[in-house]
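Below, chains carry the letters A, B, ... as their sequence lines are ordered, and counting in each starts from 1.
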Number of protein chains: 2
Amino acid sequence: MAQTDTVTRILNTAEVLFAERGFAETSLRTITSKAKVNLAAVNYHFGSKKALIQAVFARYLDPFTERFHATLDALEREYDGRPIPLEVLLESMARTVLEVPAERNSLKVFMRLLGLAYTQAQGHLRGYIQQHYGSVFTRFTELVRRATPELPDAERFWRLHFMLGTVIFTLSGLDALRDIAEKDYGEHVSVRDLIRRLRPVVVAGMNAPLPEPPQAVAV
Amino acid sequence: MAQTDTVTRILNTAEVLFAERGFAETSLRTITSKAKVNLAAVNYHFGSKKALIQAVFARYLDPFTERFHATLDALEREYDGRPIPLEVLLESMARTVLEVPAERNSLKVFMRLLGLAYTQAQGHLRGYIQQHYGSVFTRFTELVRRATPELPDAERFWRLHFMLGTVIFTLSGLDALRDIAEKDYGEHVSVRDLIRRLRPVVVAGMNAPLPEPPQAVAV
DNA sequence: TAACGTTTCAAACAGCCGTTTATCAGCAGG
DNA sequence: CCTGCTGATAAACGGCTGTTTGAAACGTTA
């Protein structure tokens, strides 16, 4: 019953190629030839290229949502109704994001894929992710809401997306940036190192003073 | 001598379609038919699709770099050797970014394009931008360096890219986010409004406390 | 052994891609 | 008048795309 060797070979090859070149720029022929599988295997096992793309994401996001829900369950038990501090929430999310792909040494790929999901056209992907994994995000934002009661709802919404942008943009473009950083500062940067650097910036961003109201005339 | 009507029609149509769907997903036939010009016109006037993509960027980035250099010239004269405060630098950049496309009501397109330049494969584009416009960025980062002498060089490098990610990610995915925000918070968000919200977050992120050193054993 | 459902495989499908070609219109200067 | 030159146009080019087909190979169960 275990997944066919062919299926995993396709998934393993596809996720790397997608991450490197994007979806439209990666043809099924490239995938199947590099995976040493017959061209028709993709349509046989997945049905279409769209479905393959979604399957690639599901293989990361299914275990992620499961673990993240479990983590949040544990936190809610621990804090027993009291608001969970923002740092704890962010830390938990970061840890879960790191855990899942760590087992396959593919954190970089996972991050690239997340970036692509946001920026590539692929309307079907956005819909699929929203529909299948939207609930975790909703639950998380609700907990963040309780952790930051002083923030207006709209402001918190935008700041969460600001921070999402920071993280996804950085980690998904990591290879290119790393090259520059290494050349200019002679410093090798690991993903964990980057997350260490990201933490204070994200926290400070979330806790930044409120913006001055828009060109308002004082009462 | 003025640019042919055909050339501008192609550029106007192409930039919108590229911004909406990405480069690989936008065919020359789609562009030329929507622009009501002959298919061969693109290759005749630009030479290739790659060159068209670069021309679309050049039409934004050429005036941008020119104005931004002028702005920095003025600032350096004004501060006469003293370091220019970080807020002033960020503010100037934001103002220049807003000015250029404002004349064609295409800020949204410009931002999407910047995002695509980072995230889409298109290796030739990254090279082209680096080669033609890298010097402005270098000059800007050097001024930021003088404005934030307490930051280690590597830390400043990463934080600048964190903030770049925040801005590009947000503004380039603006349409999708705006829909959610409007539905959930009933609030219409303009680009200027978003920049007002971005400012304190970016400043706070740049001024965040330094991260604790990596798992170092105390001496 | 025979029949079965599942998976692999080579080949072909129609369709779209970027680019090139050859033809033709319009207009300049000799 | 006609010779060049710039641009516009329709048509075709070879190549690559995702998908489908029908036959072959496989392992399992009767």
Side-chain angles (χ1 to χ4, degrees), chain A residues 1-59 113 116-117 120-128, chain B residues 1-59 113 116 120-125 127-128:
Chain A
M1 264 315 101
Q3 277 191 151
T4 318
D5 180 54
T6 305
V7 170
T8 45
R9 286 251 289 286
I10 293 176
L11 286 173
N12 289 341
T13 312
E15 70 173 23
V16 172
L17 291 175
F18 283 154
E20 282 175 356
R21 328 179 179 184
F23 305 115
E25 295 88 345
T26 307
S27 71
L28 294 186
R29 282 173 175 79
T30 309
I31 296 173
T32 52
S33 75
K34 185 161 278 189
K36 294 196 174 114
V37 192
N38 189 274
L39 167 62
V42 169
N43 286 277
Y44 176 77
H45 286 285
F46 297 93
S48 68
K49 185 180 181 179
K50 284 185 181 181
L52 169 63
I53 296 176
Q54 295 174 0
V56 165
F57 276 85
R59 203 161 60 138
L113 290 177
L116 291 181
Q120 301 257 79
Q122 300 291 337
H124 70 96
L125 225 198
R126 236 187 294 264
Y128 173 84
Chain B
M1 264 311 105
Q3 278 192 147
T4 319
D5 180 53
T6 305
V7 170
T8 46
R9 285 251 290 287
I10 292 176
L11 285 173
N12 289 340
T13 313
E15 68 173 24
V16 172
L17 291 176
F18 284 153
E20 282 175 357
R21 328 179 180 187
F23 306 114
E25 296 88 345
T26 306
S27 71
L28 295 185
R29 282 172 174 81
T30 309
I31 296 172
T32 52
S33 75
K34 185 160 276 188
K36 291 191 175 117
V37 299
N38 189 274
L39 167 62
V42 170
N43 285 279
Y44 177 78
H45 286 284
F46 297 93
S48 69
K49 185 180 179 180
K50 284 186 181 182
L52 169 62
I53 295 177
Q54 295 174 0
V56 165
F57 276 85
R59 203 162 58 138
L113 290 177
L116 291 182
Q120 300 257 75
Q122 300 291 339
H124 70 97
L125 224 198
Y128 175 83

Handout entry: Exercise: identify the closest heavy-atom pair between B/Leu116 and B/Phe18
Key = CD1-O, 3.2 Å
Practice task
Whole angstrom is fine here: how far is it from CG in B/Leu28 over to P in C/dT20?
Solution key: 12 Å
Problem - Short side-chain N/O contact from A/Ser27 to OP1 or OP2 of D/dT17, under 4.0 Å - result: yes
Handout entry: Atom-to-atom span, CD1 of B/Ile10 to P of D/dG7 - whole angstrom
Key = 12 Å
Practice task
Take atom NZ of B/Lys49 and atom P of D/dC16, then tell me their distance rounded to the nearest Å.
Solution key: 16 Å
Practice task
Identify the two heavy atoms, one from A/Arg21 and one from A/Glu25, that lie closest to each other, and give their separation to 0.1 Å.
Solution key: O-OE1, 3.0 Å
Exercise for the section: Round to the nearest Å and state the distance from A/Asn43 atom CG to C/dT8 atom P. Expected result: 13 Å
Problem - Closest contact, heavy atoms only, B/Val37 versus B/Ile10 - result: CG2-CG1, 3.8 Å
Exercise for the section: Starting at atom NZ of B/Lys36, determine the distance to atom P of D/dA8, rounded to an integer number of angstrom. Expected result: 16 Å
Exercise for the section: Would you please confirm or rule out a distance under 4.0 Å between OP1 or OP2 of D/dT6 and any side-chain N or O of B/His45? Expected result: no
Completion exercise
On a heavy-atom basis, the closest approach of A/Val56 and A/Ala14 is CG2-CB, 4.2 Å
Fill in the blank from the handout: Whichever of A/Ala40 and A/Thr30 has the more 5' nearest nucleotide on DNA chain D, that residue is A/Thr30
Problem - Nucleotide of C/dA11, C/dT7, C/dT19 approaching A/Leu39 most closely (side-chain heavy atoms) - result: C/dA11
Exercise for the section: Could you tell me whether the phosphate oxygens of C/dA10, OP1 or OP2, come under 4.0 Å of any side-chain nitrogen or oxygen in A/Asn38? Expected result: yes
Exercise for the section: Rounded to the nearest angstrom, tell me the gap between atom CD1 in A/Ile31 and atom C1' in D/dC16. Expected result: 15 Å
Exercise for the section: Would you indicate, yes or no, if D/dA8 has its OP1 or OP2 atom less than 4.0 angstrom from a side-chain nitrogen or oxygen of B/Thr6? Expected result: yes
Problem - Whole-Å distance separating the OH atom of A/Tyr44 from the C1' atom of C/dA11 - result: 19 Å
Handout entry: Sugar-phosphate, base or nothing in reach of A/Thr26, heavy atoms under 4.0 Å
Key = sugar-phosphate
Problem - Residue that, paired with A/Arg9, satisfies side-chain hydrogen bond (donor to acceptor under 3.5 Å, both in side chains) out of A/Thr6, A/Asp5, A/Thr13, A/Asn12 - result: A/Asp5
Handout entry: Atom-to-atom span, CG of B/Leu52 to C1' of C/dT19 - whole angstrom
Key = 14 Å
